[in-house]
Amino acid sequence: MTTDHPKPPRRPRITGEGRMPGDPSREAMVEAMIRVDHAGEYGAVRIYQGQLAVLGRTKAGETIREMAAQERKHLDSFDRLVADRHVRPTALQPLWHVAGFALGAATALLGPRAAMACTQAVEEVIDEHYAGQAAKLGDDEAGLRGMIEEYRADEIAHRDRAVAEGAEQAPGHALLTEAIKAGSRLAIWLSTRI
Ligand SMILES: [Fe+2]
Ligand SMILES: [Fe+2]
């Protein structure tokens, strides 16, 4: 004999469920997410500008330009969100302006494969970062969650493209990507808070 257990209706998920006492409010949490994502997309645009300053006229330039165009789109969306929701942007934007460009130019000077290794490293960190955010956002923030999931898919595609273009053959690949990942995680930590 079989019994049919009707599935209980799915309870809507609310942003910040499972927060502990003393954790930031739901609003503060979402604000910090928008602030750090805006900073990250700004940094991405600057990294690619730095790479294009060096490799713009080479074969790799085409790939970099296509990825940069998507980063521009991501940044434009977060620019609008920052304005619409009156989020204070990170105070560190002048730092990301310089550091992003410098990272892009420095890796590009090591060669096109090192430039691709930079993209691979940054996008692996952003993939984790966006996945973590999407998991914290509830149905009350379905729009933001959908946007983050869409951009996460773009970033994963950038990572795959960079690997296809020889990122893993870059000289000193392990050391280079570990350093860039550590820097990216620090930048995320700082831009969430400052
Ligand atoms: Fe992006
Ligand atoms: Fe990207």
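First listed ligand is number 1; within each ligand, the first listed atom is number 1. None of the values given here were measured: they were computed from a predicted structure.
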| Polar side-chain atom of T15 near backbone of G138 as donor-acceptor pair, under 3.5 Å | yes
| task | Could you tell me which N, O or S atom of H158 is nearest to the Fe ion (ligand 2)? | result | ND1
| request: Kindly say whether E165 contributes a backbone atom to a donor-acceptor pair with the side chain of R113 at under 3.5 angstrom? | output: no
| request: Keeping the roles fixed (side chain from T58, backbone from L55), state whether a donor-acceptor pair exists under 3.5 Å. | output: yes
| Looking at E41, which of its N, O or S atoms is the nearest one to the Fe ion (ligand 1)? | OE1
| request: Quick one: report the N, O or S atom of E123 that is nearest to the Fe ion (ligand 2). | output: OE2
| field | Closest approach to the Fe ion (ligand 2) by E71, given as the N, O or S atom name | value | OE2
| said: Show the nearest heavy-atom pair for residues G61 and L52, with the distance to one decimal. | reply: O-CD2, 3.7 Å
| query | Among the clusters formed by ILVMFWY side chains lying less than 4.5 Å apart, do L75 and Y151 turn up in the same one? | reply | no
| Hey, is there an N, O or S on D154 sitting under 2.8 Å from the Fe ion (ligand 2)? | no
| Atom name, H74 (N, O or S, nearest to the Fe ion (ligand 1)) | ND1
| Just by distance, do the side chain of R13 and the backbone of A135 share a donor-acceptor pair under 3.5 Å? | yes
| Nearest to the Fe ion (ligand 1), which N, O or S atom of E155 do we find? | OE2
